[in-house]
Amino acid sequence: MSQFKVVVTDYEYSSFVPEEEVLNNLGIELTFAQCKTEDDVIEACKDADALINQYAPISRKVIDKLEKCKVISRYGVGFNTIDVEACTEKGIIVGNVTDYCLDEVSNHAMALILSNARKVTLLNNAVKNGNWDFKVAVPMYRLKGRTLGLVGFGNIPQTVARKAQAFDLKVIAYDPFVSEEVAVSKNVELVTLDELCERSDYLSVHVPLNQHTEKMISHDQFNKMKKGAFIINTSRGPIIDEQALIQALQEGKIAGAGLDVLETEPINKDNPLLKMDCVIINPHSAFYSVEAEIELKRKTAENVADVLSGYYPTYLVNKAVKDKVCLKDK
């Protein structure tokens, strides 16, 4: 019998080889659940030493019922499924994986930028519908000299900036938590959110979803954008006010969008975005590659292994928990 009980609260994966390779070293066998509700999580996890979480809600109600939990590690960069404040209060460490899909998401953002700029998807659909005519894509403008605005300037958007500059795009960014020195070192200009909206030909969203960023791109922002501008989102759907986006597109306030994420996933069949030729929609796939998935699963398990072995994890979300939990630094 395992010394520790580690529960995977929910999952979409068919194999857990990377996790098992990490946790087998501690003699841990994973327990699997498919929790949908808070009560599901409580029932499956109340006596667990650690949780690995995908989408199941880890709310304050759940956390209050966890009797022995030392660490909750999430599959992903974001951690909006977890009440981090409640975890900190109870001395539970929260881990994520911040760097597993830098290439994938930055490449996907660039793909959506390029697809909008060159109208690749629109032209493809026209040809397949029997219309062999480049004028379907008129007007189309060269990338060189145009401006890419980044909402957020963490690891992923910094990678986007480097790749965009190879296409001769000028890059500006809004991020109140990033220093001028960091931006200058990346040849990127820091600006206000208003200025970002006003100057960008392509606006790409790269901030985590929380109470401060939900619907941060809404009517005011779209009203400031250029009529020829495109918005790209590979972060989280609710950061963009979807009704405001739909209205902006319908009224011609912006030229189009490339969306890997939406407020409601999967997208509702009656969503007006599905009928707009100027909108590219992907099914929340920017994070994925075979290599990225393996790396994510391994590092998520390593967070758990670190804590259960007496160490702070490499990817520690709630650093304030160090006031309550005394572990060793790796």
Side-chain angles (χ1 to χ4, degrees), residues 18 53-54 73-82 84 93-114 148-167 169-191 193 196 200 202-210 212-213 216-217 231-240 258-261 282 284-303 306 312-319 330:
N53 170 249
Q54 189 166 22
S73 185
R74 186 170 185 279
Y75 287 123
V77 178
F79 42 85
N80 50 292
T81 58
I82 304 168
V84 176
I93 288 172
V94 178
N96 63 345
V97 184
T98 59
D99 58 1
Y100 80 98
C101 58
L102 294 181
D103 272 339
E104 287 76 11
V105 177
S106 58
N107 285 344
H108 210 93
M110 285 304 305
L112 291 172
I113 291 166
L114 293 170
L148 168 63
L150 301 170
V151 183
F153 199 55
N155 290 333
I156 290 173
Q158 287 180 29
T159 309
V160 173
R162 174 172 55 82
K163 294 174 180 179
Q165 287 161 348
F167 286 88
L169 281 162
K170 175 178 175 56
V171 183
I172 60 177
Y174 164 72
D175 194 323
F177 303 104
V178 169
S179 70
E180 189 74 35
E181 290 75 19
V182 169
V184 169
S185 72
K186 308 293 183 183
N187 196 27
V188 170
E189 179 186 357
L190 286 179
V191 298
L193 182 58
L196 193 85
S200 297
Y202 307 95
L203 189 72
S204 191
V205 176
H206 298 281
V207 291
L209 175 62
N210 56 44
H212 305 294
T213 62
M216 70 179 290
I217 307 298
I231 189 162
I232 309 297
N233 192 1
T234 53
S235 183
R236 289 292 184 270
I239 294 164
I240 296 177
L259 308 173
D260 185 56
V261 288
N282 286 177
H284 201 149
S285 58
F287 70 93
Y288 177 73
S289 73
V290 171
E291 296 87 349
E293 182 175 293
I294 292 170
E295 183 180 2
L296 170 64
K297 290 158 73 64
R298 175 175 54 80
K299 289 183 174 179
T300 301
E302 285 174 350
N303 285 336
D306 286 344
Y312 293 114
T314 301
Y315 306 94
L316 175 61
V317 171
N318 54 339
K319 292 179 174 56
K330 292 176 68 177

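It should be emphasised that the depicted structure is a prediction, and the values quoted were computed from it without experimental measurement. All heavy atoms count here, side chains included; hydrogens, waters and symmetry mates do not.
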CD1-OG distance between Ile172 and Ser200, expressed to the nearest 0.5 angstrom
4.0 Å

At what distance, to the nearest 0.5 angstrom, does OG1 of Thr159 lie from NE2 of His206?
9.5 Å

Can you list everything that forms a side chain to side chain contact (heavy atoms under 4.5 Å, CB included) with Glu180? Sequence neighbours excluded, please.
Val184, Leu190

Please list, chain by chain and in numerical order, all residues satisfying side chain to side chain contact (heavy atoms under 4.5 Å, CB included) with Ser289, sequence neighbours excluded.
Glu104, Glu291, Ala292

Locate the shortest heavy-atom distance separating Val207 from Val151; write the atom from each residue and the value.
CG1-O, 3.4 Å

Under the side chain to side chain contact (heavy atoms under 4.5 Å, CB included) criterion, do Ile113 and Met110 qualify, and how do the steps go?
CA-CA 5 Å; Ile113 291 166; Met110 285 304 305; 4.1 Å; yes

Are Asp260 and Ser285 linked by a side-chain donor-acceptor pair shorter than 3.5 Å?
yes

Determine yes or no for a side-chain-to-main-chain donor-acceptor pair under 3.5 angstrom, with Gln165 supplying the side chain and Asn187 the backbone.
yes

Under 3.5 Å donor-acceptor, Arg74 side chain and Gly95 backbone:
no

Taking every non-hydrogen atom, the tightest pair across Asp175 and Gly154
OD2-N, 4.1 Å

Do the side chain of Glu189 and the main chain of Lys170 share a donor and acceptor less than 3.5 angstrom apart?
no

What's the verdict on salt bridge (charged side-chain N to carboxylate O under 4.0 Å, His left out) for Lys163 and Asp103, showing C-alpha distance, side-chain angles and the deciding distance?
CA-CA 10 Å; Lys163 294 174 180 179; Asp103 272 339; 3.2 Å; yes

For Ala111, all residues meeting side chain to side chain contact (heavy atoms under 4.5 Å, CB included), sequence neighbours excluded
none

Rounded distance (nearest 0.5 Å) linking atom CG of Leu169 with atom OH of Tyr202:
7.0 Å

Restricting to non-hydrogen atoms, name the atom on Val105 and the atom on Phe287 that form the minimum distance, rounded to 0.1 Å.
CG2-CA, 3.9 Å

Tyr312: what forms a side-chain hydrogen bond (donor to acceptor under 3.5 Å, both in side chains) with it, not counting sequence neighbours?
none

Side chain to side chain contact (heavy atoms under 4.5 Å, CB included) filter on Arg298, not counting sequence neighbours, yields Pro18, Val22, Glu295, Glu302

Smallest heavy-atom separation, Thr213 atom then Pro208 atom, equals OG1-O, 2.6 Å

Side-chain touch Val171/Lys186, heavy atoms, less than 4.5 angstrom:
no

Measure from the side-chain N and O atoms of Asn303 to the backbone N and O of Asp306, and report whether any donor-acceptor pair falls under 3.5 Å.
no

I'd like to check the ring-ring contact (aromatic ring centres under 6.0 Å, His included) partners of Tyr100; sequence neighbours left out, ordered by chain and number.
none

Do any N or O atoms from the side chain of Asn96 and from the backbone of Thr98 form a donor-acceptor pair under 3.5 angstrom?
no

Do Asn53 and Thr81 have a side chain donor and acceptor closer than 3.5 Å?
yes

Rounded to the nearest 0.5 Å, how far does CD1 of Ile156 lie from OG1 of Thr234?
7.0 Å

Rounded to the nearest 0.5 angstrom, the CG-CD1 distance for Leu259 and Ile231 is 8.0 Å

Correct closest heavy-atom pair for Cys101 and Val77 would be SG-CG2, 4.4 Å

Looking only at heavy atoms, what is the nearest atom pair of Tyr174 and Leu196, with distance?
N-CD1, 3.8 Å

Would you compute the distance between atom CG of Leu112 and atom CD1 of Ile232 and round it to the nearest 0.5 angstrom?
5.5 Å

